[in-house]
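Order of the sequence lines sets the chain letters (A, B, ...), proteins ahead of strands, with each chain counted from 1.
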Amino acid sequence: MNFPHKAAYKWMRFFSLYGVSILVVLVAGVQLAHRNAGLNSWKGGGFGMYADYHSVYTKLLLKASKDAKGKGPRGPDYPLAELFSDAQLYPCNNTMQPVKDHYKHVYGINKMFIHVWLPVFNPDSATIHLELHKSW
Amino acid sequence: MWRKTTEANDGSAGENPQLLWAGGFMLLVAVITGCKLLQEYYELGFWPMAGLVSVGALLLLAERLIPQVRNHWMLWLGLSLGVATHIVTNWPGPANHAYVFVYLCLILLVTAWQAPEDRALVFAKNTQYLLLAILVIATFQRIITPGYLDGSINAFWLANGGYGKPLYTFSSGWSEVVRSNHELLNGYYNGTPYRVDSLQLEAPISNLRFWGQVVSIGTLATEMVVGVLFVWGRTAAWKHVPLIGLVLLVFVTREESGFLSLLCIMGIANTGSGSTAWRWIYVALIAAMQLLLLANFGFV
């Protein structure tokens with residue numbers, strides 16, 4: 001490529017040296033914004049592997065409302081795993097709705113909540129417990 | 001810097017040894033990763049997998065042996081677009097290693113567009129900044145995570161086997177504790193009725209919090225030192241010592257063969273004429289890790 005203008009050449013030189021690194025920082029910034037909204041730090045381009053508990057240790061519990069109609073929930077079976085893994089990784093409206101729709105379809109429950117529980121490990125006593133993070 | 005119109009414009013990324021080796025190994029990582037993912041997805045047996053690897057190897061050889069297509073910028077554009085599309089369409093599922101692969105493809109693409117005399121410099125500088133950016137961001141993520149600095153999270157991984165599998169497999173006691181804790185956690189998360197009370201695990205070592213903090217502080221210090229030295233060292237041969245140290249450390253603690261191969265490719269990018277011995281060390285490391293990946297040891 002030929003750049004007759006000095007300014008254009010300077011910009012291209014700058015981006016050829018720093019462009020990819022700037023992209024890395026921008027992607028990580030987007031990931032951090034989503035992380036603040038609930039995304040697990042392991043995924044999304046923010047290089048947060050081993051910074052936090054893996055999303056498989058995020059527990060989702062379904063509670064039917066007292067006035068709900070239907071057969072009632074049972075333990076999740078295998079086909080739910082994929083729905084759950086998305087919801088575990090990034091608990092938000094977009095990922096919770098498919099889980100609710102599934103329960104509605106399979107069990108006929110019309111009113112329910114999904115509680116998201118996050119793990120907390122105590123290294124002094126070597127115990128792990130779950131803390132309620134949010135409900136949908 | 002950018003290719004002048006008077007120069008031969010064959011579209012290839014030139015014949016710098018760093019570029020040739022790095023480009024070749026990027027393709028090797030892509031071929032083996034692709035084969036492994038297909039094997040897992042379709043549950044392929046030995047012979048279909050061997051056939052797939054052979055086809056990949058033939059394509060790789062063709063790319064290496066035909067000068068007109070070797071390290072061509074369109075190759076890196078195609079690979080980066082392909083993997084980036086996978087990341088965007090499956091977001092946030094894909095692992096961070098996929099992002100690193102795209103960034104390295106983009107660096108090879110930018111490098112291929114430079115004038116031949118600038119390619120080695122642009123390639124080396126970009127990989128230095130990439131490694132520094134990754135390590136600074138990783139450090140920041142750890143610092144802002146509650147439970148990281150006080151050692152809780154790393155103590156959990158020590159007790160549950162997230163770290164050091166190649167090390168603790170030599171200690172039957174530790175191995176047994178990790179296996180037992182793993183089973184307890186499996187029951188805690190998947191059993192019915194659901195439990196949210198606390199679960200008692202067994203500590204594999206005494207002073208678990210202390211060792212968790214040691215891992216936390218050690219990780220932060222290692223990442224920052226390696227990142228800074230790799231940029232600060234410019235063309236010095238000694239800068240490869242901390243990077244290879246990091247590669248070996250991560251390998252014995254986390255077996256992330258795919259990611260570590262990409263780190264070695266960044267190392268190759270910084271091996272000029274004065275550090276060819278280091279290039280061979282990276283070559284040996286990548287070859288060993290990719291072979292281990294094919295033998296189902298370590299992660300893509």
- Query: Judged by atom type as modelled, is there a donor-acceptor pair below 3.5 Å linking the side chain of A:Lys59 to the main-chain atoms of B:Tyr188?
  - Reply: yes
- Item | Contact listing (chain A partner; residues 134-150 of chain B; heavy atom under 4.5 Å) | B:Ile134, B:Ile137, B:Ala138, B:Phe140, B:Gln141, B:Arg142, B:Ile144, B:Thr145, B:Tyr148
- Task: Verify, without hydrogens or angle tests, whether A:Lys43 (side chain) and B:Gly93 (backbone) share a donor-acceptor contact under 3.5 angstrom.
- Result: yes
- Query: Hey, do the aromatic rings of A:His54 and B:Trp157 have their centres closer than 6.0 Å?
  - Reply: no
- Message: Using modelled atom types and a 3.5 Å cut-off, is there a donor and acceptor pairing between side-chain atoms of B:Arg119 and backbone atoms of B:Gln114?
- Response: yes
- Measure distances from B:Asn160 to the heavy atoms of chain A and classify the residue's part below 4.5 Å as side chain, backbone, both or neither. side chain
- Could you tell me how the ring of A:His115 sits relative to the ring of A:Phe113: parallel (under 30°), tilted (30 to 60°) or perpendicular (over 60°)? parallel
- In terms of heavy-atom pairs under 4.5 Å with chain A, which of B:Tyr189, B:Tyr99, B:Tyr103, B:Tyr129 leads? B:Tyr189
- Message: Return the CD to CG distance between B:Gln213 and B:Asn207, rounded to the nearest 0.5 Å.
- Response: 10.0 Å
- Has the side chain of A:Trp117 got a donor or acceptor atom that lies under 3.5 Å from a matching backbone atom of A:Leu60? no
- Message: Counting only non-hydrogen atoms closer than 4.5 Å, does A:Ser55 touch chain B with its backbone (N, CA, C, O), its side chain (CB onward), both, or neither?
- Response: neither
- Which residues from residues 128-136 of chain A are near chain B, with near meaning under 4.5 Å between non-hydrogen atoms? A:Ile128, A:His129, A:Leu130
- Query: How are the rings of A:Trp11 and A:Phe15 set to each other: parallel, tilted or perpendicular (split at 30° and 60°)?
  - Reply: parallel
- After noting the C-alpha distance and the side-chain angles of A:Tyr53 and A:Tyr57, does the key distance pass the ring pair (Phe, Tyr, Trp, His ring centres under 6.0 Å) rule? CA-CA 7 Å; A:Tyr53 302 99; A:Tyr57 298 110; 7.4 Å; no
- Query: For chain A, which of B:Pro92, B:Gly151, B:Ala95 has the most heavy-atom pairs under 4.5 Å?
  - Reply: B:Pro92
- Task: Could you check A:Asn94, A:Thr95, A:Asp101 and say which one makes a side chain to side chain donor-acceptor pair (under 3.5 Å) with A:Gln97?
- Result: A:Asp101
- Message: As an exercise: rank B:Ser152, B:Gly212, B:Ala155, B:Ala203 by heavy-atom pairs under 4.5 Å with chain A and give me the winner.
- Response: B:Ser152
- Query: Is the backbone of B:Trp76 close enough, under 3.5 Å, to the side chain of B:Ser80 for a donor and an acceptor to pair up by distance?
  - Reply: yes
- How many angstroms lie between OG in B:Ser257 and NE2 in B:His97, if you round to the nearest 0.5 Å? 10.0 Å
- Task: Could you look at A:Val120 and say if it's the side chain, the backbone, both or neither that has a heavy atom under 4.5 Å from chain B?
- Result: neither
- What residue, out of B:Ala159, B:Ser198, B:Pro94, B:Ala133, has the most heavy-atom pairs lying under 4.5 Å from chain A? B:Ser198
- Task: Applying side chain to side chain donor-acceptor pair (under 3.5 Å), run through A:Asn122 and A:Thr127 and close with a yes or a no.
- Result: CA-CA 5 Å; A:Asn122 183 343; A:Thr127 54; 4.6 Å; no
- With respect to chain A, which residue among B:Val102, B:Ile87, B:Val100, B:Ile107 yields the maximal number of heavy-atom pairs within a distance under 4.5 Å? B:Ile107
- Note on the structure: Taken to the nearest 0.5 Å, the spacing of B:Phe251 CZ from B:Thr253 OG1 works out to 10.0 Å
- Select, from A:Ala28, A:Gly46, A:Ser41, the one with the greatest count of heavy-atom pairs under 4.5 Å involving chain B. A:Gly46
